[in-house]
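Note sheet for the following structure.
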Amino acid sequence: MNKQHSLSLRTEINRLIETRNLSRAKELLNNIRIEDVSREDRHFFSALCRRINMNQLAMEFVWDNIFEAKQFSAGDVEEYANSLRKAGMQRQALRMLGTIPKTQSVVMAQAFCHITQWKYQDGLQCLLHAKDLQGNSPSDIISINLASCYTALNMFVPALELLESMLRSGIQTRNTNFYVNCLELQGQCLTRKGDYKNAKLVLEEAKATALAKGEMDQNALLIEKWLFINDLAGNTLDANSPRISELKKQVRAVGHWESLRHIDYCLALKRGDSDLYKNVYFGTPFKTVFLDSINLGTPPPVGKNFLWKDARHQESDAMLLDLYRPDLPKVPLGMTSHRLLLLLASDFYRPWSVGQLFDNLFPDEFFNPFSSKKRVQKLVKSIREALQKSFNEHELVATDYGYRLRPLHRVVFLCYPQMVFSSQEEFILSGLRHYAKSDELKIRDLNEIFFLSDDQWFRVLKKMTDAELITSRGQGKGKTYNISK
């Protein structure tokens, strides 16, 4: 493929994307033989793939440029990292972005990685840094994300000042979506502040503008969610209103799992529903949602563990699967297959994509678009087979959004607050802290919690000591381990 052909093809694909003829754009990209594209042009095609969520193909275009070449360009690394980020591998993306110069676009990509992980303070620092750098990132994008971080961090004064400035600047004429986003964030801020009356006015304007486009898109649903939260907090909506089930149905239909989680969280607080609150708490792998400042009620105590049951039907003689001590064939304690089981069961709302699973199970590796997907699929298959042998009443399926695991009516999963681990050592430490009656433990105490052979304990305890996760003193049978760090 010569330069002229490459440029012509890229131009045509870009036109198709901008005119929303995505099926034809995908067809053209899928038909390209990567080896026919010059190395210096591959990142252009990678970027086109990423724009329409063809993230695996995007990585395939630049893989050789980075991992099979003697030298690689910062542009290729940035492009690969952005594809990792879009595919749900935030930690790997951050590692890769940390190896290249911090241009404005690199710092912006780092900010998006942090925000996606709900690390808004880190995201805010990156955005403030990006604002001071020269680059091609539109100021509106930096500003709207700054406002989003300020809002999430309850920094209402700078958030509202920034949003007012953007609204006054005529953003409505430049980009309707940004205008709607500004109004939605303004409504969020006012709701969080307790100014429910003005929040409702702003959110109603945002909704009307979004619906004027002729479709109930995700922006409009987010606005509807905040109208619901505002009415709930302002006591103008009954916590058992039929409107709630309709909203949840719409949110499920578009796969906006975080909104569904947020709705249940708000309902649990407003109703004082301890069971629903525990369902949200134990079904949320990352606990940032529980820092929400909206005044809806006092969170109830959650306890040390939770019995996750099939809400539709439950048999009285259901079998118990303790997820910390599953006793399943070919699922060794704390090893990769066990950590996958824990990961799949840690989120009751959002399915896990292949990228997200890989990012959590193999944090020190980079995703290989030619082999890593099969590796994850093989692990999922092994878990499915292990569960079928002992606990046939479960559901582990691949959906359009990712893998979803849930108990059915003859089995109950015993869940714990922490179920996401990047190593066996992290898991063992969490389990010891959960079960141990003392911070000082001997081998016999350890065996009462987790049954491992002497050789297995020797290896894992050495790794934990070397990593400074625990300390030890003494020798031989009298040796003790301290887990209080």
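Only a predicted model underlies this, so the values are computations on that prediction, with no experimental measurement involved.
Counted within 6.0 Å of CG on N30, heavy atoms from surrounding residues, nucleotides or ligands total more than 12; the atom is thus considered enclosed. Atom NZ of K248 is surrounded by more than 12 heavy atoms from other residues, nucleotides or ligands within 6.0 Å.
Across all non-hydrogen atoms, the minimal contact from L340 to L361 is N-CD2, 3.7 Å. In this structure, P326 and L323 approach most closely via the heavy-atom pair CD-O, 3.8 Å. For V202 against G187, the heavy-atom pair with the smallest separation is CG1-N, 3.8 Å. Shown here for P407 and K309, the closest heavy-atom pair between the two residues is CG-C, 4.0 Å. For the residue pair N230 and Y196, the shortest heavy atom distance occurs at ND2-O, 3.1 Å. The nearest pair of heavy atoms linking L260 to V251 is N-CG1, 3.7 Å.
Using a distance-only test at 3.5 Å, with no hydrogens or angles considered, a donor-acceptor pair links the side chain of Q104 to the main chain of A130. Under the 3.5 Å distance criterion, the side-chain polar atoms of Q418 are matched with a main-chain donor or acceptor of V420. Looking only at distances, a side-chain donor or acceptor of S346 sits under 3.5 Å from a matching main-chain atom of L343. At distances below 3.5 Å, at least one donor-acceptor pair connects side-chain atoms of R271 with backbone N or O atoms of A239. Under the 3.5 Å distance criterion, the side-chain polar atoms of K225 are left unmatched by any main-chain donor or acceptor of S259. A donor-acceptor contact shorter than 3.5 Å links the side chain of N82 to the backbone of E78. In terms of modelled atom types and a separation under 3.5 Å, the side chain of R91 and the main chain of D359 share a donor-acceptor contact. Side chain of K304 to main chain of H434: a donor-acceptor pair is present (N/O by atom type, distance under 3.5 Å, no hydrogens or angles). No side-chain donor-acceptor contact under 3.5 Å links S165 to the backbone of E161. Not one N or O on the side chain of S148 forms a donor-acceptor pair closer than 3.5 Å with the backbone of I144.
K200 has a carboxylate O that lies under 4.0 Å from a charged side-chain N of D231, or vice versa, which qualifies the two as a salt bridge. Salt-bridge annotation for E395 and R404: absent, with no side-chain N of the basic residue lying under 4.0 Å from a carboxylate O of the acidic one. One finds a salt bridge joining E27 and R24 here, because a Lys/Arg side-chain nitrogen approaches an Asp/Glu carboxylate oxygen to under 4.0 Å.
Centroid-to-centroid, the aromatic rings of F427 and F450 come within less than 6.0 Å.
Here the CG-CD1 distance, from N136 to I141, works out to 11.0 Å after rounding to the nearest 0.5 Å. Within the model, atoms CG of N21 and CD1 of I13 stand 11.5 Å from one another, a figure rounded to the nearest 0.5 Å. Taken from CD1 in I142 to CE in M108, the straight-line distance is 5.0 Å, to the nearest 0.5 Å. We find the CG-CZ distance between L414 and F306 to be 10.5 Å, quoted to the nearest 0.5 Å. For the atom pair W352 CH2 and L357 CG, the distance stands at 7.0 Å (nearest 0.5 Å). Here the straight-line distance linking atom CG of L396 with atom CD of Q388 works out to 8.5 Å at 0.5 Å rounding.
Using a 4.5 Å cut-off on side-chain heavy atoms (C-beta onward), K374 and Q377 make contact. Inter-residue side-chain proximity for F362 and R375 is flagged as met; some heavy-atom pair is nearer than 4.5 Å. Side chains of F358 and Q92 form a contact here, defined as non-hydrogen atoms less than 4.5 Å apart. A heavy-atom distance below 4.5 Å is not found between the side chains of R350 and Y401. In this structure, the side chains of H114 and L94 come closer than 4.5 Å at one or more pairs of heavy atoms. A 4.5 Å side-chain heavy-atom check between E224 and R243 finds at least one atom pair inside the cut-off. The side-chain heavy atoms of V280 and Y349, taken from C-beta on, include a pair separated by under 4.5 Å. Side chains of L469 and I428 form no contact here, defined as non-hydrogen atoms less than 4.5 Å apart.
For the residue pair S353 and Q356, a side-chain donor N or O sits within less than 3.5 Å of a side-chain acceptor on the partner. At a cut-off of 3.5 Å, with distance as the only test, a side-chain donor of R51 or N14 sits close to an acceptor on the other residue. Donor-acceptor pairing under 3.5 Å is lacking for the side chains of Y324 and N305. Residues Y416 and D322 bring a donor and an acceptor atom of their side chains to less than 3.5 Å of each other. Under 3.5 Å, the side chains of T116 and R85 contain no donor-acceptor pair of N or O atoms.
Screening C49, P369, S46 for a side chain to side chain contact (heavy atoms under 4.5 Å, CB included) with S83, the sole residue that qualifies is S46. Under the side chain to side chain contact (heavy atoms under 4.5 Å, CB included) rule, D310 has a single partner from V412, V411, L408, which is L408.
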Checking salt bridge (Lys or Arg N to Asp or Glu O under 4.0 Å) for the pair R261/E258: CA distance, chi angles, key distance, verdict?
-> CA-CA 5 Å; R261 191 193 316 272; E258 296 313 317; 2.9 Å; yes

Does the pair L124 and Q121 meet the rule for a side-chain contact (heavy atoms from CB on, under 4.5 Å), with working shown?
-> CA-CA 5 Å; L124 176 63; Q121 188 63 53; 4.0 Å; yes

Step by step, work out the side-chain hydrogen bond (donor to acceptor under 3.5 Å, both in side chains) result for K270 and N235.
-> CA-CA 10 Å; K270 190 65 176 179; N235 296 314; 2.5 Å; yes

Pair L405-I383, side-chain contact (heavy atoms from CB on, under 4.5 Å): steps then yes or no = CA-CA 10 Å; L405 171 67; I383 286 294; 5.8 Å; no

Report the C-alpha separation of R325 and Y435 in whole Å, then their side-chain angles, then the decisive distance to 0.1 Å, and conclude whether the side-chain contact (heavy atoms from CB on, under 4.5 Å) test is met.
-> CA-CA 11 Å; R325 297 182 280 200; Y435 289 111; 3.0 Å; yes

Run the numbers on K207 and W226 for side-chain contact (heavy atoms from CB on, under 4.5 Å), then give the verdict.
-> CA-CA 10 Å; K207 180 181 176 181; W226 278 101; over 6 Å; no

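Relative to the ring axis of F366, R95 places its NZ or CZ within 45° and under 6.0 Å from the centre.
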